[in-house]
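In each ligand, atom 1 is the first atom listed, and ligand 1 is the first ligand listed.
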Amino acid sequence: MEDKIIYGGDYNPDQWLDEPEILEQDLRMMKAAHINEVTLGVFAWASLEPEEGKFTLDWLEEIVNKLYANGIKTIMATPSGARPKWLSDKYPEVLRTWEDGTKAQYGGRHNHCLTSPIYREKVRIIDTKLAERFKDNPAIIAWHISNEFSGECYCPSCQKAFRGFLKKKYGTIEKLNHEWWNAFWSHQYSSFDQIDAPSNIGEKGTNGLMIDWKRYATEECDNFIDNEVNALRDAGATQPVTINMMYDFGGYDYNEQKNHIDIISWDSYPDWGFSESDIKPALEHGLCHDSMRCYKDKPFLLMESCPSGTNWQQTHRLKRNGLLPLAAIHAVGHGADSVQYFQIRAGRGSCEKFHGAIIDHTCREDTRVFKEATKTGELLLKLADVAGSQTDAKVGLIYDRQNEWAIDMSEGPRNCGEGYLEQTQKFYNALKRNAVDVDVISEPHDFSKYKILIAPMLYSVRGDVLERIRDFVKNGGTLIATYLCAMTNENDLCFLHDTPHDLTDVLGVRLDEIDGLTDEQSNKALTVDGAMGLDKSYSCNKICELITLNGAEPFMKYGEDFYAGSPAATVNHFEKGKAYYLATDLEDDFYKKFLEKVLADANVEPLVKKLPSEIDIQSRVRDGRRYIFMENFSREDKKVKLPKGAKMIIGDESEEFPNTSAKVFTVEE
Ligand code: GLA
Ligand code: ZN
């Protein structure tokens, strides 16, 4: 998008229109910090249309132009995330109806009705005005649609749209009754008109209904996005569009939503400083970065992050010296072409006044945060060449939102948490400890470019995912699947024969029973004859599946309980490939050692040999040049040997790796 790393963030001059000297001050400070972008207009509707049909865009244009003249470009937001009071007073239907049927009053944000025609029309009008004004302005590099879309509306119009979605999907009510298993508790419908959204005061036991409601909410939000994008396009704006996604938000399937925008962007707020080492939040958000990159297999934007402490986390933890640049390099290493903050300047009042900002209430350039932000800006200038380069991971790790909905909504086999994300994170952390890049992907993603495909808890399967997994192994790939594999279809209907459905030959096992352990209970998995260089024994938790061999070899067996001696982990050769099955959730150490062996067998080389703990590593490539990023998230200095021929961009080539610092270098391939 730009030939450098975009550096900036949310800026709200609309809160300071009566203090023009503030803008002058901000401009000077932004330049000092090497900021080259601002995101303008998020939540600025009332300043753009103070009365219905009266538009005041001059102030915005003046600011855009002034910033541009000073080397700062704009990502222009549409203001639909919060609305002016006149709008909801005159058209109360735009306000959301909650799950219990009560109607929202004016206030807050992100709480409009998803289907309201009048809201869509009003949004379309203001978006058109913005596009007409800015479509040819060279300062505008992208459009940012609304803000952090979320939630569902339960008003009659949204319920009607849901019924329409179901009718289109199922065609007949009989088909729907079958797929939702509605004969259970006499829940058959005789017409689509009888269906209501799932609700705490209504139906919450029909999994098919609940999963389809989430799919519908995703599609309705897509329609809302389309309405905004069309308004911009119809008015002639050609710049790319994005929405700022949130990862821990499971409300929509971003893998569907990605098709409605040009660039992925997301807001990342790791729990820096909350535990004794920052490697934990680094790995958690590393997984998210990798997932964001893989939605479009392209670089993404880090639309928001916090320069110091937030106002909403458990507590306002400051970032220790060096962490701000480190977090920025970490994001770029994972594929971000921007580092953006919420926010450039802190507001004086309301609920976010104590949220971290580059420019705080003291308006000083000699604050610690401002100096850290300036240092970050300097480092990002050195990474200009990285912008636009790609990631070529050889390992694909499936983490699928729709599968997560199905696992979470299902009652049993373990109601104190099956731990889908935790299991995925265990694999992810172990892969990163083995110094390789990882693609975090959804079920529909292409698997063919990987050497290793990992499918933790692939419980609910849709489309042709199983066929593609079979082909992957058939053609020589290495598959790792775990417990709760291919048990239900996309509507959470159990398969009526051996599971893992359609994979019992590929994996060489079949499932008999599932033992759900309490949080206090555990079993042991004992390694058969020192297989794969593993330790003798590992504890296993949460879920222990009892499986029967169907051609596979066990390399671990249970050590305790009535099923001691039965297989806990197996390997099977299938056509040109190999398939591992882990029937239980093992302790962290197992994953590190196991994957080390699997990676070596599949010829997936580490980016750096013998990577010390608490260091994260990523790479990006372009034209035979590999950029390698390493971040020491430990509070201790480490030593690491760089590959031969490494050309340094950030840090030095010595083995010394000071705590809270980064090394970035290139190697020619
Ligand atoms: C979200 C929102 C921002 C702001 C930040 C605070 O990410 O998009 O408007 O409220 O949180 O961290
Ligand atoms: Zn509604």
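Residue contact annotation: Thr310 has no non-hydrogen atom under 4.0 Å from ligand 1.
In this structure, Lys85 is positioned above the aromatic face of Tyr106, its NZ or CZ under 6.0 Å from the six-membered ring centre and within 45° of the axis. Relative to the ring axis of Trp16, Arg345 places its NZ or CZ within 45° and under 6.0 Å from the centre. Cation-pi contact between Arg364 and Phe370: absent, since separation from the ring centre below 6.0 Å together with deviation from the ring axis within 45° is not met.
At a 4.0 Å heavy-atom cut-off, ligand 1 touches Glu352 through the side chain alone. At a heavy-atom cutoff of 4.0 Å, ligand 1 is contacted by no atom of Val42, backbone or side chain. When heavy-atom distances to ligand 1 are checked against a 4.0 Å cut-off, Arg109 comes that close only through its side chain, counted from C-beta outward. By the criterion of a heavy-atom distance under 4.0 Å, neither the backbone nor the side chain of Gln343 is placed next to ligand 1.
Relative ring orientation between Tyr247 and Tyr399 is described as tilted, the plane-to-plane angle lying within the 30° to 60° band.
No N or O atom of Asp10 sits closer than 3.5 Å to an N or O atom of ligand 1. In terms of N/O distances under 3.5 Å, ligand 1 is approached by Trp312.
For the residue pair Asp400 and Asn255, no side-chain donor N or O sits within less than 3.5 Å of a side-chain acceptor on the partner. Gln340 and Glu37 share a side-chain donor-acceptor pair at under 3.5 Å.
Every atom of ligand 1 with a heavy atom of Glu148 under 4.0 Å away is listed here by number and element: 1 (C), 2 (C), 7 (O), 8 (O). Listed by atom number, the atoms of ligand 1 under 4.0 Å from Phe43 heavy atoms are 9 (O). Counting atoms of ligand 1 from 1 in the listed order, those under 4.0 Å from a heavy atom of Asn147 are 2 (C), 8 (O), 9 (O). Applying the 4.0 Å criterion to heavy atoms of His355 picks out, from ligand 1, the atoms 6 (C), 12 (O). For ligand 1, the atoms sitting less than 4.0 Å from at least one non-hydrogen atom of Asp267 are 7 (O), 8 (O), numbered in the order shown with element in parentheses. Under a 4.0 Å criterion applied to the non-hydrogen atoms of Glu304, ligand 1 contributes the atoms 1 (C), 2 (C), 3 (C), 5 (C), 7 (O), 8 (O), 11 (O).
We find the NE2-OG distance between His285 and Ser268 to be 4.5 Å, quoted to the nearest 0.5 Å. To the nearest 0.5 Å, atoms CG (Leu397) and OH (Tyr428) are separated by 9.0 Å.
When the options Asp212, Asn207, Ile211 are evaluated for a side-chain contact (heavy atoms from CB on, under 4.5 Å) with Trp180, the one that passes is Asp212.
Here the angle centred on the Zn ion (ligand 2), running from SG of Cys113 over to SG of Cys155, is 110°, rounded to 10°. Computed with the Zn ion (ligand 2) at the centre, the Cys153 SG to Cys158 SG angle is 110°, stated to 10 degrees.
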What's the verdict on side-chain contact (heavy atoms from CB on, under 4.5 Å) for Phe224 and Ser80, showing C-alpha distance, side-chain angles and the deciding distance? CA-CA 10 Å; Phe224 193 92; Ser80 60; 4.1 Å; yes

